[in-house]
Amino acid sequence: MMLRNIFCKGCCGIFVVLMAMTLWMSPAFAQFYSESAYEVIAEAPAIKNSFVGARKKAVKIALKTALEQNLRELLGDEEFERNRREMGKMLRKTEKYVKSYRFLEAYDDPIQRLSQVKLEVVLFQDAVNKSLSRTGVTTGMEGGKQVVILINESSLSSDSTLRFWESIPISETSLARNFIEAGIPVVGRVSIRYSIPEETVMSAVKGNVSAAVNVGLKAGADIVIVGNATSTPIGEERTQGPQPVRVAISVKAVSSHHSTLVAAKSDFATASGNEILAGELEAFHRAGKKLTEFLIPAIQKHWEGGAEKKEVKQSAPAPKTEPAPLPMGDL
């Protein structure tokens with residue numbers, strides 16, 4: 001009877017693990033700056049009934065799995081497989097990218113002689129990004145001084161039934177035009193809509209820097225500008241003639257090279273036109289112009305700051321100078 005109970009418990013434990021293994025892992029959360037965390041499940045056989053050794057191996061597998069999940073999210077499965085050799089090198093040095101981990105669950109199965117663990121693994125996202133940059137895997141990571149602008153817009157003239165990638169936000173178009181006129185290349189949404197999941201963009205819009213970095217890596221852009229835009233009529237009812245419209249735009253600019261927030265700003269503007277669309281176009285143009293006047297200097301300062309650091313690092317040390325002679329009165 002006792003053996004039967006042990007066997008049943010063992011089977012239940014294995015069943016739970018197998019069910020969890022079908023899900024395998026999912027992102028638990030992404031901390032604000034340069035960390036990403038994952039919940040992962042792994043198991044390892046207890047060779048010669050050594051469950052201590054099995055648990056250590058299971059932990060190692062879990063850490064490696066977390067890093068692989070992160071890399072696949074950043075690059076996509078196709079790009080990951082295409083660069084399998086470089087990915088293998090990174091995965092062999094998993095500990096370099098792990099900030100910390102903690103046990104959520106741990107179970108030793110005496111029937112199957114397996115050790116199973118469930119961990120929460122926190123990765124150094126900045127270290128991952130830099131390694132990808134050095135190996136040349138990520139397009140545009142070295143000196144890719146261009147931006148990608150993605151705005152989630154809810155406006156009076158927009159179709160609320162459209163998905164994010166199906167829409168053409170007025171605010172996004174206006175900002176992109178301003179950047180292009182300033183001589184800064186902009187990655188268009190059409191070229192990346194099929195390579196970046198809508199969920200990733202929405203997460204970035206909500207302030208998840210790790211998601212914004214993901215967008216930048218896949219788009220080949222250092223600066224990722226994400227945010228929200230809305231437009232509302234001024235007044236309770238639409239009147240005959242020109243209808244005043246108020247728009248508001250709130251954005252964040254994130255560096256995918258450094259996994260850091262470069263700038264953040266909100267602004268608004270009002271305008272009116274013979275039609276709602278005309279008023280919106282003018283209002284978004286005015287608000288976009290004010291945002292651009294703030295964002296471009298901040299981004300250029302960020303880029304120049306990176307160049308200055310490189311120059312300082314490569315420059316020769318300044319020659320030593322002899323101290324100035326003391327005045328006669330001090331002798």
Side-chain angles (χ1 to χ4, degrees), residues 27 29-33 36 73-74 76 146-180 184 186-233 245-256 259-271 276-277 279-292 294-296 298-299:
F29 62 89
Q31 295 187 10
F32 190 68
Y33 281 101
S36 294
E73 286 182 359
L74 290 174
Q146 53 186 355
V147 304
V148 57
I149 304 172
L150 298 171
I151 307 295
N152 183 36
E153 183 176 290
S154 175
S155 63
L156 296 170
S157 59
S158 64
D159 185 349
S160 59
T161 64
L162 293 177
R163 304 283 294 179
F164 175 81
W165 288 117
E166 296 171 344
S167 64
I168 305 176
I170 302 171
S171 54
E172 183 179 309
T173 303
S174 179
L175 281 172
R177 183 171 60 246
N178 292 341
F179 273 82
I180 292 171
I184 298 176
V186 176
V187 179
R189 66 160 45 207
V190 175
S191 64
I192 60 175
R193 62 174 295 180
Y194 296 110
S195 60
I196 303 174
E198 181 176 323
E199 293 77 12
T200 301
V201 179
M202 291 297 99
S203 181
V205 166
K206 293 175 182 178
N208 187 327
V209 171
S210 181
V213 168
N214 191 342
V215 171
L217 291 173
K218 290 184 176 179
D222 174 33
I223 299 297
V224 181
I225 298 174
V226 288
N228 294 284
T230 59
S231 67
T232 54
V245 176
R246 183 182 188 275
V247 304
I249 309 175
S250 178
V251 296
K252 292 181 176 67
V254 175
S255 168
S256 62
S259 301
T260 55
L261 184 68
V262 174
K265 186 172 177 60
S266 299
D267 222 317
F268 67 93
T270 58
I276 288 292
L277 178 58
E280 279 187 323
L281 288 171
E282 179 59 28
F284 275 125
H285 170 71
R286 293 177 183 177
K289 186 173 184 296
K290 289 191 283 186
L291 285 175
T292 305
F294 171 80
L295 291 173
I296 289 182
I299 291 169

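Each residue takes its place number in the sequence, starting with 1.
How far OG of Ser266 is from CG of Asn228: 9.5 Å, rounded to the nearest 0.5 Å. Thr270 OG1 to Arg286 CZ: the interatomic distance, rounded to the nearest 0.5 Å, is 6.5 Å. Separation of atoms CG (Leu277) and OG (Ser157) is listed at 5.0 Å; rounding is to 0.5 Å. Distance CD1/Ile184 to CG/Asn178: 10.5 Å, rounded to 0.5 Å. In this structure, NZ in Lys290 is found 5.5 Å from CZ in Phe268, a value given to the nearest 0.5 Å. Distance check: Ile149 CD1 to Ile180 CD1 gives 8.0 Å after rounding to the nearest 0.5 Å.
For Glu153, the side-chain contact (heavy atoms from CB on, under 4.5 Å) partners are Ser155, Pro169, Ile170, Ser171, Ala229, Phe284, not counting sequence neighbours.
Heavy atoms only, all atoms of each residue included: Phe294 and Ala263 are closest at CE2-CB, 3.9 Å. Scanning both residues, Ile192 and Trp165, for their nearest heavy atoms gives CG1-CH2, 4.0 Å. What you find for Ile249 and Gly288 is that their closest heavy atoms are CD1-N, 4.2 Å. Closest heavy-atom contact between Ser174 and His285: OG-CA, 3.6 Å. Pairing each heavy atom of Ile225 with each of Val251, the nearest pair is CG2-CB, 4.0 Å. Considering every non-hydrogen atom in both Val205 and Leu150, the closest pair reads CG2-O, 4.5 Å.
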Residues Thr200, Val215; criterion side-chain contact (heavy atoms from CB on, under 4.5 Å); working and verdict: CA-CA 7 Å; Thr200 301; Val215 171; 4.0 Å; yes
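Between the side chain of Arg189 and the backbone N or O of Ser167, at least one donor-acceptor pair lies under 3.5 Å. Of the possible polar contacts, none joining the Glu280 side chain to the Val245 backbone as a donor-acceptor pair under 3.5 Å is found. No donor-acceptor distance shorter than 3.5 angstrom exists from the side chain of Thr260 to the backbone of Ser255, with no hydrogens or angles considered. Counting only distance, with no hydrogens or angles, the side chain of Ser256 and the backbone of Asp222 share a donor-acceptor pair below 3.5 Å.
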